[in-house]
Structure formats: C-alpha cells, structure tokens
Amino acid sequence: MSKQKLEENRDLIVNNRFALHNHVVLTDLEEESAEGYLDVEDDVTNAYGMVHGGAFYALADVIAGMTARGSGHAYVTQTADLHYLASTEEKRIYGHSYVLRRGSKTAVIAAEVTDSKGKKLFLATFTFYCVDGRVAVKREGNTRADS
C-alpha cells in the first residue's frame, strides 16, 4: 500500500462527499491502481433488498477516479461502460481499479467489483478527462485551483 499516495490525496478523499454518502472507503492508492470497499447499508439497496446497481457504479467510479488521479493530475469522469454480472447478499463489496492507458488529455481506467470470495459482480471501463488548472477543490470555506 502506498501510504504516501494516500496521504498526498487525503484532502480529496476526506472531502469527497459523494464517496462518503455512498459508504466508499479507499484503502490503497498507487500511481497505476487503487483499491477500496463499500459497506452495504440499507440506503444502497434496491426494492428487492439487493445491492443497488448505483452502489456498484459509485464504488467503481470513486476508485477509478483516484487511480486516474494517481499521476498527480486532476480528472473528471467523461464516459463509462458498465457490466453488471451478479449481485450479492454480503454486507461489503470490494473494488480494484487499474490504468489501461494514460494519455495527455485522457486516462482509461478499468474497475472490477467483487465479493469477499473474489466473485466478479461488476466490471467497468472509464474514460477520465484531465482538467488540471480548470477545477477548484472545495476545502472548508476556501477554494484553490487544482493542478
């Protein structure tokens, strides 16, 4: 685990309200990959009591976005290709993401979501667009240009 990468990005992780709202926790961050998990609470289940598809997507998007950010640049999600493979009754799902290609303007990142036994539940390929210098990161009452 790269504690240095996690510490470098601590503010982005702690202030990611979308991740917090969806119970996503980042556990590992490298320059080319990331890992995390999502705790399955009642508010991320569907009418059938199963993990909502949006929860799979939320976990994958957050860890893939942090993987894109592993190079030190700021990115936003541009597109995603999603594949729902199976559901689970487990109360925690796990995600792993890794770089497929990194260019000057975009990064293509793959993400997989599994159960505790490694059964693949969800696969996605994301394209992220580099926005260095064009976005502001909110930090408790102030903003700064992210670069």
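Computed over heavy atoms, backbone and side chain alike; hydrogens, waters and symmetry mates excluded. FYI, the numbering just counts along the sequence from 1.
Side-chain contact between T77 and D61 is present, with at least one heavy-atom pair separated by less than 4.5 Å.
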Under the side chain to side chain contact (heavy atoms under 4.5 Å, CB included) criterion, do V62 and F18 qualify, and how do the steps go? CA-CA 8 Å; V62 169; F18 179 79; 4.0 Å; yes
Report the C-alpha separation of T114 and K120 in whole Å, then their side-chain angles, then the decisive distance to 0.1 Å, and conclude whether the side chain to side chain contact (heavy atoms under 4.5 Å, CB included) test is met. CA-CA 4 Å; T114 65; K120 288 184 183 172; 4.2 Å; yes
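Not a single donor-acceptor pair under 3.5 Å links the side chain of R102 to the backbone N or O of T106. Using modelled atom types, one side-chain atom of T88 and one backbone atom of E90 make a donor-acceptor pair closer than 3.5 Å. A distance-only check finds no donor-acceptor pair linking the side chain of Y129 to the backbone of K105 [under 3.5 Å]. A side-chain donor-acceptor contact under 3.5 Å links T27 to the backbone of E35. With hydrogens and angles ignored, the 3.5 Å screen pairs no side-chain donor or acceptor of S33 with any backbone N or O of E30. Between the side chain of T45 and the main chain of M50, no donor-acceptor pair closer than 3.5 Å is present. Of the possible donor and acceptor atoms, none in the side chain of D81 sits under 3.5 Å from a partner among the backbone N and O of A124.
Using a 4.5 Å cut-off between side-chain heavy atoms of Ile, Leu, Val, Met, Phe, Trp and Tyr, with links allowed through other members, L38 and L82 fall into the same hydrophobic cluster. Linking ILVMFWY side-chain heavy atoms closer than 4.5 Å, directly or via other members, places Y37 and F122 in two distinct hydrophobic clusters. By the rule that hydrophobic residues join a cluster once side-chain heavy atoms approach within less than 4.5 Å of another member, V108 and V76 end up as members of separate clusters. Cluster annotation: L123 and Y98 are assigned to distinct hydrophobic clusters (Ile/Leu/Val/Met/Phe/Trp/Tyr, side-chain heavy-atom contacts under 4.5 Å, transitive). Hydrophobic clustering (ILVMFWY, side-chain heavy atoms < 4.5 Å, transitive): F56 and L85 are in distinct clusters.
Once rounded to the nearest 0.5 Å, the distance linking OG of S87 with OH of Y48 reads 12.0 Å. Interatomic distance, CD1 of I63 versus CD of E112, reported as 9.0 Å (0.5 Å rounding). Once rounded to the nearest 0.5 Å, the distance linking CG of L121 with CG of L59 reads 10.0 Å. Interatomic distance, C130 SG to H73 NE2, rounded to the nearest 0.5 Å: 6.0 Å. Atoms OG1 and CG, from T67 and L29 in turn, are 6.5 Å apart once rounded to the nearest 0.5 Å. How far CZ of R17 is from CG of N22: 14.0 Å, rounded to the nearest 0.5 Å.
Here the shortest heavy-atom pairing between A34 and L26 reads CB-CD1, 4.0 Å. Annotation for A60 and A111: closest pair CB-CB, 3.8 Å, computed over non-hydrogen atoms. Between Y75 and A107, the closest heavy-atom pair is CE2-CB, 3.9 Å.
Taking the six-membered ring wherever Trp is involved, the centroid distance between the rings of Y94 and H96 does not fall below 6.0 Å. The aromatic ring centroids of Y57 and F126 lie less than 6.0 Å from each other.
A side-chain N or O of D43 and one of H23 form a donor-acceptor pair less than 3.5 Å apart.
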